[in-house]
Amino acid sequence: MTAYLKLDHIDKTFTRGNATTEVLKDINLSIEKGEYVSIIGHSGCGKSTLLNIIAGLTRATTGGVLLENREVNSPGPDRAVVFQNHSLLPWLTVYENVKLGVDKVFAKTETRAEREAWVMHNLNLVQMAHAKDKRPSEISGGMKQRVGIARALAMEPKVLLLDEPFGALDALTRAHLQDSVMALHQKLGNTILMITHDVDEAVLLSDRIVMMTNGPSARIGEVLDVPLARPRKRLELATNAAYLKCRQRVLEFLYERHRFVEAA
Amino acid sequence: MNMTATKIDVETATPAVAAAPVVTMTPRRPPRAETYARMARETAARVIPPLVVLALLTLVWELVCRRAGSTLPPPSKVFKDTKELILDPFFDHGGIDKGLFWHLSASLQRVAFGYSISAVAGIALGVLVGQSVWAMRGLDPLFQVLRTIPPLAWLPLSLAAFRDGQPSAIFVIFITSIWPIIINTAVGIRNIPQDYRNVAAVVQLNPLEFFAKIMIPAAAPYIFTGLRIGIGLSWLAIVAAEMLIGGVGIGFFIWDAWNSSHISEIILALFYVGIVGFVLDRLIAGLGRIVTRGTAQN
């Protein structure tokens with residue numbers, strides 16, 4: 001079977017002088033088109049490293065990433081990233097930040113007017129069109145992350161990579177943004193890979209949850225299917241048996257079988 | 001200790017109580033006259049203290065230098081001696097017998113020329129050193145030694161090389177002001193957050209686009225710090241260099257005045273040198289503020 005995105009026997013070791021640390025060991029994962037997959041694990045387990053490898057920002061020591069059966073090993077807009085700390089360029093306006101990617105990706109295929117319309121379309125998708133002329137320092141953290149999502153979506157990535165996208169936000173903003181991402185996934189059918197350390201977030205958003213063991217030499221410990229119909233409603237799920245069972249499974253994995261020893 | 005703690009408590013508590021009802025009120029726009037009055041008060045608060053200090057210093061100077069046998073002229077005599085120079089800065093009697101405007105503009109032209117070259121070369125070298133570890137290892141020790149050489153020490157060498165005063169003076173400006181520009185630019189480039197580099201990598205900016213769209217704006221606050229130090233050093237160096245190379249220029253004007261024992265003219269020239277230096281500094285600072293508006297706020 002050929003998967004849309006395939007992680008093939010990925011190992012990653014960091015070498016500093018004589019000391020080598022094995023961060024990831026034998027990571028195998030296949031993701032189907034349109035799937036929403038979360039990777040969850042304790043901090044330091046190498047999940048961000050894994051995302052960077054998929055994004056092409058870090059090279060795997062051995063093994064590789066296949067996207068539509070082609071190896072990808074350098075960064076590109078087909079695997080756009082939403083960074084944890086939004087990473088908007090502070091000297092550009094919201095509009096210009098999104099346009100930066102659009103201009104590069106669609107430079108040859110679309111006219112200037114089409115590109116401008118496309119930027120606005122994506123800002124509308126995340127309800128940020130009203131702030132298009134503001135600079136990142138003038139909008140709130142949640143809004144910045146919305147713009148970050150718009151920037152990534154506007155590049156029409158084959159896979160959207162979310163690196164703890166809601167980690168730096170307060171609980172209310174986070175819930176609001178999770179609903180937005182769910183709605184976008186429903187509407188656009190993107191393939192999404194999200195790194196998270198929030199159990200509720202993983203269960204609420206994902207089709208599958210990939211649980212990672214603690215590092216060093218982190219592996220995929222377990223992959224859990226989330227058999228919940230979409231669209232999902234946060235409030236209804238709170239009492240849903242399947243939801244609670246999934247949540248229980250992830251919690252057991254994280255806090256019983258693979259407790260984070262250093263945190264104790 | 002206890003006293004301070006109590007005091008802070010009271011201070012932080014009061015505004016919170018006072019602020020609460022304000023939130024519900026619609027803010028009233030203050031009348032125009034009130035706004036102007038406030039602006040006038042703020043301006044006065046800035047302008048009056050330095051004026052008072054200046055007046056006091058002039059008074060002291062007058063009292064000290066007005067006694068018989070004083071080596072330096074009092075301000076009243078300075079003004080009397082230099083009245084013609086102050087009132088008519090634009091005269092031109094040929095040779096170096098020109099008004100102060102022409103001397104200052106000749107000096108400013110040299111600075112503009114030398115400083116422009118050093119800004120361009122300094123930023124380019126700074127980018128190279130900031131971006132490449134090997135360039136830094138190779139060049140940085142050299143820069144650290146060269147930058148300690150006093151500006152005037154370069155003058156004989158450049159006179160020997162160029163065999164003319166004008167390019168030598170420009171070279172001295174260049175070599176004096178380039179070091180802070182290089183070093184600050186390099187620090188700015190090295191401090192570009194990895195996040196911005198990641199964004200550029202995902203978007204696949206080419207090196208030229210990366211330079212224009214990420215590197216320069218991200219390092220702009222550092223670059224302008226270097227440019228501001230550089231313009232100050234240029235102005236310091238030009239006055240000294242001109243004393244030696246002669247010709248039209250504020251530096252030689254001072255030297256010429258000394259040779260003809262016109263002490264009052266020297267004092268007037270120093271006053272102008274100070275004002276021009278101050279304006280140059282403000283100019284670059286202001287330019288920096290406009291350019292780095294977005295970057296600095298983050």
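Lettering of chains follows the sequences in order, A, B, ..., and the numbering in each one begins at 1. Computed from heavy atoms alone, side chains included, the values below leave out hydrogens, waters and symmetry copies.
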| task | Report the C-alpha distance between B:Asp195 and A:Asn85 in whole Å, list the side-chain angles of each, state the deciding distance to 0.1 Å, and finish with yes or no for side chain to side chain contact (heavy atoms under 4.5 Å, CB included). | result | CA-CA 8 Å; B:Asp195 294 342; A:Asn85 54 355; 2.5 Å; yes

| request: Would you check if the side chain of A:Trp91 reaches a backbone N or O of B:Lys213 as a donor-acceptor pair within less than 3.5 Å? | output: yes

| Would the number of heavy atoms belonging to other residues, nucleotides or ligands and lying under 6.0 Å from NE2 of A:His176 be above 12? | no

| said: With a 6.0 Å cut-off (strictly less than), is the heavy-atom count around CZ of B:Arg137, excluding the residue itself, greater than 12? | reply: yes

| request: Taking all non-hydrogen atoms of both residues into account, name the closest pair between B:Tyr196 and A:Leu88 and its distance. | output: CE2-O, 3.9 Å

| remark: In terms of heavy-atom contacts, A:Lys104 and B:Gln204 come closest through CE-O, 3.0 Å

| task | Kindly compute the distance separating OG (A:Ser87) from CD (B:Gln194), expressed to the nearest 0.5 Å. | result | 10.0 Å

| query | What part of A:Val105 gets closer than 4.5 Å to chain B, counting heavy atoms only: side chain, backbone, both or neither? | reply | neither

| query | What is the minimum heavy-atom distance between A:Phe83 and B:Val199, and which atoms define it? | reply | CE1-CG2, 3.8 Å

| said: With a 6.0 Å cut-off (strictly less than), is the heavy-atom count around CZ of B:Phe113, excluding the residue itself, greater than 12? | reply: no

| remark: Nearest heavy-atom approach of B:Val203 to A:Leu100 is CG1-O, 3.8 Å

| task | Against chain B, label A:Asp103 side chain, backbone, both or neither, depending on which of its atoms sit under 4.5 Å from a heavy atom there. | result | neither

| task | For B:Leu51, look at atom CG and say whether over 12 heavy atoms of other residues, nucleotides or ligands are found less than 6.0 Å away. | result | yes

| Nearest heavy-atom pair of A:Ala80 and B:Val202: which atoms, and what distance? | CA-CG1, 3.9 Å

